[in-house]
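Below: one structure in structure tokens.
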Amino acid sequence: MPTFDLVIKGGEVITASDRSHADVGIKDGVITALGADLNDAARTIDATGLWVMPGGIDSHVHIAQYSGEGIVMADDFESATAAAASGGNTLVMPFALQRRGTSLRQTVTDYHALATGNCHVDVSFHLIISDATPAILGQELPALVKDGYTSFKVFMTYDDLVLDDRSLLEVMAVAKREKALVMIHAEGYDNIRYLIDQHEGAGKTQPYYHATTRPDIVEREAVHRAISHAQLIGVPLMVVHVSSAAAMEQIEWAQQRGMKVLAETCPQYLTLTADDLKGLNMDITGAKYVCSPPPRTTTDQAAIWGGLERGVFTTFSSDHCPFRYESSEGKLNPKARTSFRWVPNGIPGIETRLPILFSEGVSKGRLTPQQFVALSSTNHAKTYGLYPKKGAIAPGADADLALWDPTRQETITQSKLHHGSDYTPWEGFDVTGWPVMTLVRGEVVANDGKIVGAKGHGSHIGRGAPQAVA
Ligand code: URP
Ligand code: ZN
Ligand code: ZN
């Protein structure tokens with residue numbers, strides 16, 4: 001019996017803290033050795049010239065999620081996780097979204113039914129709480145946290161998801177008691193509704209006005225309010241999809257005062273601007289870029305890069321939320337043609353997150369390779385209670401690996417991607433650095449853009465306490 005099922009030979013191993021040339025020995029899906037000249041293996045993969053990194057963990061994706069009457073998300077679990085695998089990811093964290101009036105436990109059961117047997121990479125669900133009733137907060141939520149669903153997202157906007165301030169405080173109090181992490185969508189509901197009514201009254205209905213009805217003031221105010229609530233309760237907070245310098249300043253302000261405020265940002269806030277929502281000529285094609293918060297300005301992009309470099313941000317996620325463009329169930333649903341208000345919010349990005357961060361960050365010298373690993377994998381595992389089983393290259397960790405060619409040049413284009421959307425917001429975007437092979441628990445799941453093996457290798461992973469609350 002050989003010592004190893006698989007040895008990855010000759011690569012440069014990059015972790016969140018180190019880089020060194022080493023072979024990686026794998027047995028039963030787990031890393032069992034790191035070192036020179038590991039040889040007694042049933043199989044070897046030659047990684048000469050490649051970087052061997054922990055597989056990407058994308059801790060903010062939406063898959064097969066209910067999105068409103070007549071609106072259908074473009075990905076199911078099979079297509080989303082195939083795209084994730086091809087993009088160098090080994091675990092994604094989608095949301096089990098509770099619809100008002102329904103049980104949270106039943107919601108989780110329903111999402112598992114959609115995912116089970118269909119995934120190419122591992123998944124681990126967060127919860128979305130839209131109905132903060134005493135029964136949900138008193139019984140269902142604590143029981144689900146004990147079962148390993150140790151993070152939940154709450155919203156300060158959207159008609160069918162918004163929680164009022166009292167409910168936000170109640171949710172945070174449960175998180176404190178149960179040792180779970182609250183993720184907050186911070187945009188102010190009433191400010192946005194006021195601005196939408198003003199815009200529509202003035203006939204401003206094109207997709208571009210999605211951006212001007214959600215200005216950075218709206219995000220900044222909500223971030224400050226959410227931080228204040230968390231401070232009052234005495235609980236850590238994760239502010240997701242931070243888009244603006246103004247919002248980031250609030251987070252840094254809190255961090256400098258010793259508050260446990262974590263932050264996430266996404267590729268759209270480094271590479272797109274509100275002008276992309278103008279489309280080809282202030283037309284409906286701008287709907288392709290409608291997401292919330294909206295992309296902002298190049299000044300905001302520079303500020304967010306600064307935040308990534310000096311550690312304001314813990315995680316870099318995609319906020320993959322895919323809709324088809326040419327579809328009456330997607331961006332071009334009949335009502336969306338009348339106003340930006342009805343364009344489903346969200347853009348696809350599960351497959352392009354890592355190449356964009358690698359290219360714009362590492363290849364352009366803004367981030368070290370180790371920072372890239374931390375922002376794309378290790379910090380996600382630590383933040384959400386998966387570390388060191390996930391997000392690490394060390395004996396005892398799952399053999400979840402991405403092999404990267406750091407010099408390969410590619411142009412992002414829809415025909416190369418595996419997601420269910422019919423477009424990518426990054427069409428024609430040139431990158432340097434590309435994931436050439438992805439392994440989940442020692443099995444190759446993607447090889448040079450091809451999905452290897454049948455769906456179903458990906459499993460649901462329950463979680464322990466997030467690092468910030470442990
Ligand atoms: O526009 C976005 N981001 N859609 C996804 C839902 C969310 O708020 O993350
Ligand atoms: Zn959100
Ligand atoms: Zn999201």
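Atoms within a ligand are numbered from 1 in the order they appear, just like the ligands themselves. Along the sequence shown, the residues carry numbers beginning at 1. Only heavy atoms go into these numbers, but all of them, side chains included; no hydrogens, no water, no symmetry mates.
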Quick one: does any side-chain atom of Asn333 pair with a main-chain N or O of Ser328 as donor and acceptor, under 3.5 Å?
no
I'd like to check which ligand 1 atoms, numbered from 1 as shown, lie under 4.0 Å from a non-hydrogen atom of His185.
7 (C), 8 (O)
Could you label the plane-to-plane angle of the Trp404 and Phe358 rings as parallel, tilted or perpendicular, counting under 30° as parallel and over 60° as perpendicular?
parallel
Identify, by atom number and element, the atoms of ligand 1 in contact range of Phe155, meaning under 4.0 Å from any of its heavy atoms.
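Contacts of ligand 1 toward Phe155, numbered from 1: 8 (O).
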Are Tyr208 and His199, when compared by the centres of their aromatic rings, separated by less than 6.0 Å?
no
Nearest to the Zn ion (ligand 3), which N, O or S atom of Asp319 do we find?
OD1
Please confirm whether His210 and Tyr289 have ring centers closer than 6.0 angstrom.
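Ring centroids of His210 and Tyr289 are no less than 6.0 Å from each other.
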Nearest neighbour in protein (non-hydrogen) for atom 4 (N) of ligand 1:
Asn345 O, 3.2 Å
So if I count the atoms of ligand 1 from 1 in the order they appear, which ones are less than 4.0 Å from some heavy atom of Cys321?
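The atoms of ligand 1 under 4.0 Å from a heavy atom of Cys321 are 4 (N), 5 (C).
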Check for a donor-acceptor pair, side chain of Asp76 on one end and backbone N or O of Glu78 on the other, with a separation under 3.5 Å.
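Present.
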Would you call the rings of His419 and His320 parallel, tilted or perpendicular, taking 30° and 60° as the class edges?
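If you compare the ring of His419 with that of His320, the planes turn out parallel.
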Are Gln301 and Thr273 linked by a side-chain donor-acceptor pair shorter than 3.5 Å?
no
Just to confirm my output: which protein heavy-atom neighbour is closest to atom 7 (C) of ligand 1, and how far is it?
Lys153 NZ, 3.3 Å
Among the N/O/S atoms of His185, select the one at the shortest distance from the Zn ion (ligand 2) and name it.
ND1
If the cut-off is 2.8 Å, does any N/O/S atom of His62 fall short of it from the Zn ion (ligand 3)?
yes
The Zn ion (ligand 3) contact by His241, N, O or S atom under 2.8 Å:
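Looking at His241, which is the residue asked about, there is no N, O or S atom under 2.8 Å from the Zn ion (ligand 3).
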By number and element, which atoms of ligand 1 are closer than 4.0 Å to a non-hydrogen atom of Asp319?
2 (C), 3 (N), 5 (C), 9 (O)
Is a donor on one side and an acceptor on the other found under 3.5 Å between the side chain of Thr271 and the backbone of Pro267?
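Here the side-chain-to-backbone pair exists.
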N or O pair under 3.5 Å between Cys291 and ligand 1:
no
Atom 6 (C) of ligand 1: which protein heavy atom is closest, and how many Å away?
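Protein heavy atom at minimum distance: His62 NE2, 3.5 Å.
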Measuring centre to centre across the rings, with the benzene-like ring taken for any Trp, is Phe95 within less than 6.0 Å of His60?
yes
Which atoms of ligand 1 sit under 4.0 Å from any heavy atom of His60?
9 (O)
Which residue supplies the protein heavy atom nearest to atom 1 (O) of ligand 1, what is that atom called, and how far is it?
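In this structure, atom 1 (O) of ligand 1 has Ser292 N, 2.7 Å as its nearest protein heavy atom.
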Do Ser130 and Leu97 make a side-chain contact, defined as non-hydrogen atoms from C-beta onward lying under 4.5 Å apart?
no
When you measure from the Zn ion (ligand 2) to the N, O or S atoms of Lys153, does any of those distances fall below 2.8 Å?
yes
